[in-house]
Amino acid sequence: MLELLWLIPAFPLAGFVALTLVGSRLSRPEVAYVGAGSVGLSAVVTLLVGLSFMAAPPAGGSFVQTLWVWVDVAGFRPAFAFHLDALSLTMIFVVTFVGFLIHLYSVEYMMEEEEGYSRFFAYMNLFVCAMLTLLLADNLMLLLLGWEGVGLCSYLLIGFFYKDEANSQAASKAFIVTRVGDTAMLMALFLLFAELGTLDIQALLERAGQQFQPGSGMATAVALLLLGGAVGKSAQLPLQTWLPDAMAGPTPVSALIHAATMVTAGVYLIARTHVLFTLAPAVLTLVAVIGTLTLLMAGFAALVQSDIKRVLAYSTISQIGYMFLALGVGAWSAALFHFMIHAFFKALLFLGAGAVIMSLHHEQDMYRMGGLRRQMPFTFWCFLIGSGALAAVPVVTAGFYSKDLIIWNAYNSEIGGVWLWAGALAGALLTSVYTFRMVFLTFYREATEWVRHLMPIHEPGPCVRIPLGVLAVLSVAAGVIELPHTMGSLTLFSGFLNTALPEYHGVHASYGTELLFELLAAAASLGGIWLVWTLVMASPGSMERIAAQPWARGLERLWFSGWGFDALYDALFVKPWLWCAKVNKDDFIDFFYRAVAFITETLHFVASMTQTGAVRWYATGIAVGAVVTVGLVIIL
Amino acid sequence: MNPFSALTPIVLLGLTPLVLMLVISFHRSHRLAVVISLVGMALPLALLAGTATSAAPPLAPLLIIDGYALFYIGLLSTATMVVVVLSYGFLERVPGNREEFYLLLTLATFGCAVLTASNHFISFFLGLEILSVSLYGLVAYLRTTRTALESGIKYLILAAASAAFLLFGMALIYADLGTMDFTAMTSVLAAKTREPSVLLLGGFGMVIIGAGFKLAVVPFHMWAPDVYQGAPTPVTAYLTTVSKGAMVALLLRYGQYGGLLDYDSVASVLAVIAVLSMFLGNLLALLQDNLKRLLAYSSIAHLGYLLVAVIAASREGSHAVTFYLVAYFITSLGIFGIITALSDERKEADEISDYRGLFWRRPWVSGALSLMLFSLAGIPLTAGFVGKFYVLTAGVLSDLWALVILLVVSSVIGLYYYLRIIITMYLSAPEDPSSPLSATRRFSLPEGLVLAGLTVLLIWFGIYPAPLLSAIQAAVGSLA
């Protein structure tokens with residue numbers, strides 16, 4: 001069964017090709033069958049491959065399928081080869097399954113758009129193909145192909161409604177900001193190839209272990225550059241500014257790319273090259289610090305947003321911050337566990353938000369929603385489950401298990417400590433506050449004028465409800481595959497991943513400490529919900545009273561703009577750059593290139609004069625050429 | 001194995017024009033002539049599959065049918081089949097007799113086959129003349145038009161002059177070495193220890209002139225644009241691929257056996273020719289508005305690139321040359337095929353302005369044409385890139401750094417005019433609907449199939465060159 005591996009990215013690619021070539025001639029249902037079906041087939045194959053992988057694990061815990069070698073020159077031998085191990089299997093499982101559910105959802109969601117139905121599915125299929133290539137790549141060259149492909153599709157999909165200029169701007173912003181990280185990553189690749197002479201990931205990690213001293217300058221440089229790439233793709237500090245604007249794309253795009261899959265590419269990259277990071281302990285600590293700072297920063301920003309999709313965007317940044325924190329303290333499987341659970345509930349939340357937005361005729365402002373609990377009960381329950389998982393409501397949601405594991409590891413790990421733990425715990429409180437603020441504003445309260453104006457509001461159709469239902473079940477049930485020591489100590493997930501990633505070693509604090517810390521995390525989650533309830537529901541208007549204070553107004557503006565990073569970068573990079581470009585527009589370098597063009601054109605005209613069309617002139621040419629040739633051969 | 005059964009591919013290629021001649025005298029039918037030509041080209045191909053593995057029996061002294069010769073015969077007859085398919089649509093549009101065209105075409109390919117298999121100056125010259133004489137007729141086939149006649153006469157005069165040089169060069173070499181047999185030359189040269197005589201070097205120089213004319217490299221290139229423009233487009237495709245390919249095949253073999261590349265002075269002259277060809281070809285193409293002339297200039301530049309690998313003469317060089325040729329065949333046949341297929345009774349689609357806005361009416365065709373142009377420019381994921389990559393590798397492995405750098409620089413100039421054509425295709429269509437009439441003709445099924453096949457091959461060899469490369473390695477390996 002493992003030989004079917006290549007089919008997993010091949011199906012979405014075939015879907016993309018088919019839709020690009022003949023998509024405009026197909027009817028919408030046909031497009032939907034091709035577009036969603038290709039990802040569905042890919043998910044089925046993933047299931048088959050995954051089952052046979054788990055039933056009979058290949059020797060060494062990994063299976064490599066080499067399709068062909070692209071070029072083979074002087075030791076540079078990039079192959080189209082796929083590497084399947086527990087890590088990539090986990091990731092492709094999430095990408096294909098959640099991806100399929102989101103495609104299914106899009107079948108209905110995109111129906112109301114007047115044009116671009118097949119274009120949308122073509123881009124989405126290409127995205128899934130690129131993401132799978134990234135995850136399965138056996139060498140960094142192929143990984144880069146997927147990495148760039150993901151970036152390209154993200155650009156295309158954010159700017160999907162390209163007729164509105166703001167959307168194109170958002171797409172460009174995402175592309176340019178992530179490009180900063182991509183450049184760092186490319187430099188890491190060059191450096192690795194120069195130092196270790198290979199781009200094959202497994203061989204590379206092995207050689208790195210032998211050649212790099214722990215903490216040496218080279219190891220630190222490589223890890224730092226890779227971190228730069230990861231930070232860009234995963235929207236962490238300081239390259240997080242593109243993600244909130246990326247919400248300009250259609251909502252399924254936000255669910256697929258900016259929540260469930262693409263932004264986790266950075267997490268995957270660090271996990272995949274964990275050996276390099278282990279060799280550079282300083283960088284690993286930096287990963288944890290970046291994660292903690294990002295999760296706090298994004299948590300505060302999410303508190304004051306009014307656009308429902310922007311709340312979710314900041315929460316994504318914040319949750320990936322948790323994953324980075326876990327990576328940074330060496331809790332590799334905890335990061336992956338949270339990645340998987342997060343993919344389920346974040347996709348659920350985005351799709352739920354999409355259903356709300358669709359019913360309200362593209363209204364995204366939460367202050368104009370309200371009271372939707374009775375109008376859309378199914379969507380409400382799904383959204384509530386997703387929110388519970390995001391806020392890590394104890395015991396009943398999967399998010400509790402995954403996030404609690406990270407918070408605990410932030411304290412218990414050798415690298416971790418009280419500060420990281422405190423940051424993570426504060427983040428948990430923030431998370432439940434902003435999450436339930438969103439829930440209360442949208443679904444509780446009295447219906448606003450706008451909502452009453454639109455009544456009766458209908459629930460969405462089956463293509464939307466099925467993904468919501470499935471994801472809701474997963475958001476509750478998926479947590480039981482990894483239980484903490486205090487609750488039965490089940491380690492199915494980490495046991496599986498430990499075949500590919502190093503095992504996590506905690507300081508092994510006592511059972512009582514762990515229980516205490518768990519209770520604290522639970523208290524943070526529930527306390528946050530209680531706080532919001534009192535502010536929003538129990539005494540309406542208290543929020544407005546706080547917001548009216550002068551200090552609160554300033555803080556709100558700061559948080560609303562995402563801590564003012566856009567303005568900062570604008571002043572720091574964009575404006576000076578534009579200024580330089582403006583001042584320099586007639587500079588010497590331009591002169592040089594114009595001169596090159598001028599000289600080339602002049603030479604063209606001179607050379608053209610030899611083409612007279614007269615045969616005697618041509619014969620003369622041959623005669624002179626003959627004399628010179630023979631002369632040179634003899635003389636030289 | 002009977003040594004004469006090894007000759008079967010060449011004999012079959014030689015029989016095809018004879019059969020055509022007989023059939024034409026009894027029954028004129030365009031379609032029948034096409035079928036006979038196609039079968040005549042396909043039969044040797046089918047046989048090649050059987051004989052490719054057998055050892056090469058020496059057919060002393062004229063011909064040697066080894067894996068190398070068989071590979072090139074296969075390549076050239078396949079290319080001829082493509083030209084035949086393109087010619088059918090083309091000739092349907094012109095007045096006069098059509099069947100003799102295929103007579104000349106198959107005869108020319110027969111000459112090419114002799115060239116690739118020749119192991120002797122006599123067969124070299126005979127093959128070359130069979131090819132050239134057929135080409136005079138082909139170039140001037142539309143004898144009622146002024147331009148066709150003009151380019152036919154030009155080609156005749158200049159080819160005859162250069163053939164005289166070649167013949168004289170052969171005589172000089174014979175005078176020095178006492179043999180015209182390539183294999184024998186190897187041993188005679190190996191026995192010599194003293195400095196090469198002036199006779200030998202002069203002979204080499206003149207052989208270069210003869211070969212250089214057929215390859216249209218600077219300074220023997222001036223005929224190319226006029227002849228390319230005046231000749232019927234399928235013939236231009238033939239000139240730029242099959243005719244040049246056969247000459248390159250011979251040059252490689254002669255270079256390996258006849259000691260051509262063992263002398264520094266010869267290599268230096270070839271290097272000068274290569275550099276001049278690359279730069280002059282690309283410069284001349286820069287602002288050219290006629291697509292056929294532009295491709296003539298671009299072909300000069302490409303042969304310059306190819307010479308770099310020829311100079312690199314090592315095994316890598318021979319691989320690179322052959323791979324580059326295959327990629328160049330696919331690309332050129334595709335482009336000329338599209339030009340032929342877009343032309344109609346009223347006008348040939350050979351001005352760049354005819355292609356303005358083509359994308360908006362014929363997205364498939366312009367997509368394919370864009371890919372072909374990308375391949376010529378050497379953009380990755382096309383066969384042209386892989387070919388150019390191997391040429392560069394061969395140059396680097398032989399420490400020809402100056403040539404490699406100049407190749408890269410001149411390729412940049414080339415990029416300009418390839419992209420210019422592509423941009424023209426994606427511009428908005430002109431308001432005046434009467435001007436570009438080329439876009440209305442629909443492709444016939446065979447034309448469409450052939451062009452689609454070429455496009456697929458172009459991408460296929462660009463992504464997955466390994467099978468082609470191993471085939472080439474097996475074929476070129478038999479050369480040494």
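Below, chains carry the letters A, B, ... as their sequence lines are ordered, and counting in each starts from 1.
When the candidates B/Leu280, B/Leu270, B/Leu284, B/Ile209 are compared by the number of heavy-atom contacts under 4.5 Å with chain A, B/Leu284 comes out ahead. If you tally non-hydrogen atom pairs under 4.5 Å between each of B/Ser162, B/Pro225, B/Ser265 and chain A, the highest count goes to B/Ser265. No other option in A/Thr600, A/Thr610, A/Val633, A/Thr612 has as many heavy-atom pairs under 4.5 Å with chain B as A/Val633. Most heavy-atom pairs under 4.5 Å with chain A: of the set B/Val266, B/Asp226, B/Leu287, this distinction falls to B/Leu287.
Contacts of A/Leu21 with chain B are made by both backbone and side-chain atoms, with heavy-atom separations under 4.5 Å. With a 4.5 angstrom heavy-atom cutoff, B/Tyr297 touches chain A only via side-chain atoms. Interface residue B/Leu286: backbone and side-chain heavy atoms are both found under 4.5 Å from chain A. Proximity to chain A (any heavy atom under 4.5 Å) is shown, for B/Tyr416, by neither the backbone nor the side chain.
Residues passing the side chain to side chain donor-acceptor pair (under 3.5 Å) test with A/Asp200: none are found, sequence neighbours excluded.
Environment of OH in B/Tyr418: crowded, with over 12 heavy atoms of neighbouring residues, nucleotides or ligands closer than 6.0 Å. Surrounding CZ of A/Phe161 are more than 12 heavy atoms belonging to other residues, nucleotides or ligands, all under 6.0 Å away.
Atom CD1 of A/Ile599 is separated from atom CG of B/Leu283 by 11.0 Å, given to the nearest 0.5 angstrom. Annotation: the span from B/Leu199 atom CG to A/Ile634 atom CD1 amounts to 9.0 Å, rounded to 0.5 Å. Here CG of A/Leu632 is found 10.0 Å from CD1 of B/Ile208. Values are rounded to the nearest 0.5 Å.
Within residues 615-630 of chain A, the residues having any heavy atom less than 4.5 Å from a heavy atom of chain B are, in residue-number order, A/Val615, A/Trp617, A/Tyr618, A/Ala619, A/Gly621, A/Ile622, A/Gly625, A/Ala626, A/Thr629, A/Val630.
Side-chain atoms of A/Gln611 come within 3.5 Å of backbone N or O of B/Met222 as a donor-acceptor pair.
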